[in-house]
Enquirer: 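Encoded as structure tokens, here's the structure I'll be asking about.
The model shown is predicted, which means the values in this text are computed figures rather than measured ones. By convention in this document, chain letters (A, B, ...) are assigned in the order of the sequence lines, proteins followed by strands, and residues within each chain are numbered from 1. Every heavy atom of this structure was used, including side-chain atoms; hydrogens, water molecules and symmetry mates were not.
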Amino acid sequence: MDTKDTSYNPQKYESEILKFWESKPYFKPEYKKGRKKTFTITLPPPNANANLHVGHMTGYTYQDIMGRYHRMIGDRVLLIPGKDHASIQTEVVFEKFLEKQGIKKRELGREEFYKRCLEFTINNANNAREQEKSIGLSADFSREKFTLDTDLTQTVYDTFKEMYEDNLIYRGKRIINYCPRCHTALADIDTEYKEEISSLYYIKYGELVIATTRPETVMADVAIAVNPKDKRYKHLIGKTIEIESIGGRKLLPVVASTKVDVKFGTGVLKVTPGHSKDDFEIAMENNLPIISIIDNNGRMTYEKYKGMKVKEAREATVKDLQALGLITKIEEIVHNTQICERCNSIIEPLISYQWFIKTQDLARKAIEALEQEKFSIHPKRQEKNYIRWLENLEDWCISRQLWWGQPIPVYYCEGKVTEINKNGDITEKVLGCGEITVSTVKITKCPKCGRKVVQDTDILDTWFSSSQWPYSCMGGIQSKDFKEFYPTNVMETGRDILFFWVARMVMMGIYKTGKVPFHDVYLHGLALDREGKKQSKSKGNGIDPQEIISKYGTDALRLSLISGNAPDQDFKLFDEKVRGFRNFINKVYNSSRYIILQIENLDEKDKKYIRENLKFTKESLIKSKMNKHIEDISKKMKLFEFGKAAFNIEQFYHHYYCDIYIEKTKGISNLEIKAELVFTLYQNLKLMHPFIPFITELIYRKLNGLNVLETQEEVLMYCEYPIIT
RNA sequence: GGGUUCGUAGCUCAGAUGGUUAGAGCGCAACAUUGACAUUGUUGAGGUCACAGGUUCGAGUCCUGUCGGACCCACCA
């Protein structure tokens, strides 16, 4: 720090301070010997497919605030960073990246695609790491993990095998959400709904009329369903009706189901279990057959429409139905179409063989854990959402027909084949002796008959790996770190991934370790733009954190992301706001500079006096206010009220410490008051350090260099947190 | 359909457990400042606390309803 500079220039100091922090293992829990209590956060690993955005920086700032605070109160702090391969997300991003160069994924082939995608992610991971460091994140980068690291995959495979042996993982033929563009099955949570105007066709079914938006699936109907309370059709329940349609005459049973909405269309539903989720369930309840007429490419398999895309087939069938005189009305309706969360393609519900996790028991335990207060969620109101989601959870489909990720550790004796015959029946046969082997290490021969085996071509849902992050990132449950640092203290993450991630980590953590992986969950809100809109790449309203850092400095950005914000509450981020905080940082610099100028030229004797008299004066103008402030901030730190703490810190420092206290001391010029100025500045620096580490570190080092502090610590984050005196 | 959340000065937001003239920052106006800081200080203008009822001696704060914005979950044949 150069006291000749009349204003603070973050550019001048930040990178040097970062280097200084990295010059010694300050961020490692081993740095301080003799500390007992651990404080651990396994940091949410960002997807290694793009630069970090403001959302990541928000999380890192909260995590770093906690980390620095806990070092100051004497804990052994470990923040474990990582990078996520993010299976489907990265695969889609990388596919687009390739397409820009005119390369198609399928032409490249699986192996080459994987190889290039790995390079791509490693590259992105390196960038992301530098960005994490730039925000001042005090994580132990020597422990950084990538979710495709060998030992991490090993943990994931061990869990898979264990769950398979416990009958919690099974291979099942079920209806799943299929994305015809990504060519993969998706879990419910991987899909979204989009409002769309579509045609509702009224079609004669014998004596009845049904309404459907999907006339192309009439050939796959196996029944007619009505609501049991609907008087209009009650008499038909249990009977069979004869219809004439595409494909000729057909007999369809009429079944009752409460899923049928009396008010929709005619109140009569065609049951197509091969291509509709609800219908599939109706079919299960009523023991109906299942017919499939659309394949994995979203193309028809039914005789005369074979090879057509769904949309074309819709037009063709409507024409044919009209020719038969069966369409009585066409209506425009607004309805929500299920789309792929990643590529926005329309989801096709299809029957196929996939791997599932039985979630009922896991979910129940995850609910109990919260009810028994084994952990808590901040803010508390999110606990209700967590419970409701788990209560309604269906089995979790964990297989994906993708290339980028962890292959499923399952081997089929001499391979397997899936067939759809002309009746639309899907069958799957394992060849050879029929043995299916789950193995955590690669095998080539069937353990039962010695024939060669073929590994499942699917990969695991990325969240199956992510949900195990709290222990997998430590090197698994046998590792030294696991024994020392698990369960962790806090899981700090965006409010939007409570279900995707947090709930699943609780389930998997309890299953694998018998413990909830963390004590507290802190959910931060999303950064919105000035108009209150969510930032997104497609809208182009994203704010680049690196730009803010170079314009206003990291401390100003950190305060902008935290100050005044409540958990789970979205907040607006815009230029003037950051500028205001930049001004505050400058205020911190200049007020400190003022105090330093008072003492800089003192002789050794006077400096010694200050060093030995770091306390309030007898008639202190600030003692009670300062003590009250320390108490207030300490309390808020413990209660996870970081936004309020940051706000109060700024208010107090600026409008009391500077505007009132320092001004009042200007008339006094004895050594006693100089000692108090240094003392109270030091206290304030410590309170502020978790939030604005750079400027506080800079001033701390200057004071320390002047030999007016009694500390031996090289860095502020190991100085003892202020207490009331 | 179920749920959550927000609506306080032009803008961004504070306003535990209901209690005197409703606060801060930015912006605006005026003034000041050669002695830490114009990335500053002081002062000022600016608010029917969305609306309507209710509980209370007393409501921005609690209850009910209405309007408006955001979000989540479920359904959408």
Enquirer: Please list every donor-acceptor pair under 3.5 Å in which a side-chain atom of residues 671-681 of chain A meets a protein atom from a residue at least two apart or in another chain.
Expert:
unit_1	atom_1	unit_2	atom_2	d
A:E676	OE1	A:Y661	OH	2.5
A:E676	OE2	A:T617	N	2.9
A:E676	OE2	A:T617	OG1	3.4
A:E676	OE2	A:S620	OG	2.6
A:T680	OG1	A:Y657	OH	2.8
A:T680	OG1	A:E676	O	2.8
A:T680	OG1	A:L677	O	3.2

Enquirer: Ignoring hydrogens and geometry beyond distance, is a side-chain donor-acceptor pair present between A:Y13 and A:N9 at under 3.5 Å?
Expert: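 Short answer, no.
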Enquirer: For A:K702, give me all partners under side-chain contact (heavy atoms from CB on, under 4.5 Å), at least two apart in sequence or on another chain.
Expert: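 By the side-chain contact (heavy atoms from CB on, under 4.5 Å) rule, A:K702 matches A:M1, A:T3, A:I596, A:E600.
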Enquirer: So, using ring-ring contact (aromatic ring centres under 6.0 Å, His included) as the criterion, who are the partners of A:Y193 when residues are at least two apart?
Expert: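 Testing A:Y193 for ring-ring contact (aromatic ring centres under 6.0 Å, His included), a comparison that skips the adjacent residues, returns none.
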Enquirer: For A:K666 and B:A36, is the shortest distance between a side-chain N/O and OP1 or OP2 below 4.0 Å?
Expert: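 For B:A36, OP1 or OP2 has a side-chain N or O of A:K666 closer than 4.0 Å.
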Enquirer: Rounded to whole angstrom units, what separation is found between the CG atom of A:D568 and the P atom of B:U5?
Expert: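 It works out to 9 Å between those atoms.
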Enquirer: At under 4.0 Å between heavy atoms, which parts of nucleotides 9-18 of chain B does protein reach? Answer with one letter per nucleotide, 5' to 3': B base, S sugar-phosphate only, - none.
Expert: ---SS-S---
Enquirer: How many whole angstroms separate atom CG of A:D575 from atom P of B:U39?
Expert: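 Computing the A:D575:CG to B:U39:P distance gives 15 Å.
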Enquirer: Regarding A:R582, tell me which of base, sugar-phosphate or nothing describes its non-hydrogen contacts under 4.0 Å with the strands shown.
Expert: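 A:R582: base contact, heavy atoms under 4.0 Å.
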Enquirer: Test of understanding: with side-chain hydrogen bond (donor to acceptor under 3.5 Å, both in side chains), list the residues that count as partners of A:S550, not counting sequence neighbours.
Expert: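 Expected list: none.
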Enquirer: Could you write nucleotides 72-77 of chain B as a row of B, S and -, 5' to 3', where a protein heavy atom under 4.0 Å of any base atom gives B, of only sugar-phosphate atoms gives S, and otherwise -?
Expert: SS-BBB
Enquirer: Figure out the OH/P separation between A:Y589 and B:C37, and round it to whole Å.
Expert: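 From A:Y589 OH to B:C37 P: 11 Å.
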Enquirer: Mind checking side-chain hydrogen bond (donor to acceptor under 3.5 Å, both in side chains) for A:T191 and listing every partner two or more places apart, or none if nothing turns up?
Expert: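 A:T191 satisfies side-chain hydrogen bond (donor to acceptor under 3.5 Å, both in side chains) with A:Q338 only.
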Enquirer: Holding to side-chain contact (heavy atoms from CB on, under 4.5 Å), I want the full list of residues that pass it with A:D520, two or more places apart in sequence or in another chain.
Expert: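 With neighbours one apart ignored, the set is A:S376, A:H378, A:V490, A:F640.
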Enquirer: Using the criterion of both pairing distances under 3.5 Å for Watson-Crick and G-U wobble pairs, give all stems of 3 or more consecutive pairs involving RNA chain B.
Expert: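 B:1-7 with B:67-73, B:10-13 with B:23-26, B:28-32 with B:40-44, B:50-54 with B:62-66 - these are the stems of 3 or more pairs that involve RNA chain B.
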Enquirer: Which residues satisfy the side-chain hydrogen bond (donor to acceptor under 3.5 Å, both in side chains) test with A:T217, sequence neighbours excluded?
Expert: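 A:K270.
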Enquirer: List every contact pair, protein side and nucleotides 41-45 of chain B side both N or O, where the distance is under 3.5 Å.
Expert:
unit_1	atom_1	unit_2	atom_2	d
B:G41	OP1	A:H654	NE2	2.8

Enquirer: Write down the distance between CG (A:L597) and P (B:C37), rounded to a whole number of angstrom.
Expert: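 Taking CG of A:L597 and P of B:C37, I get 9 Å after rounding.
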Enquirer: For A:E216, what residues pass the side-chain hydrogen bond (donor to acceptor under 3.5 Å, both in side chains) criterion, not counting sequence neighbours?
Expert: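 Scan of A:E216 (side-chain hydrogen bond (donor to acceptor under 3.5 Å, both in side chains), adjacent residues dropped) gives A:R214, A:R314.
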Enquirer: When the distance from CG of A:L526 to C1' of B:U5 is rounded to whole Å, what number comes out?
Expert: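 These atoms are roughly 14 Å apart.
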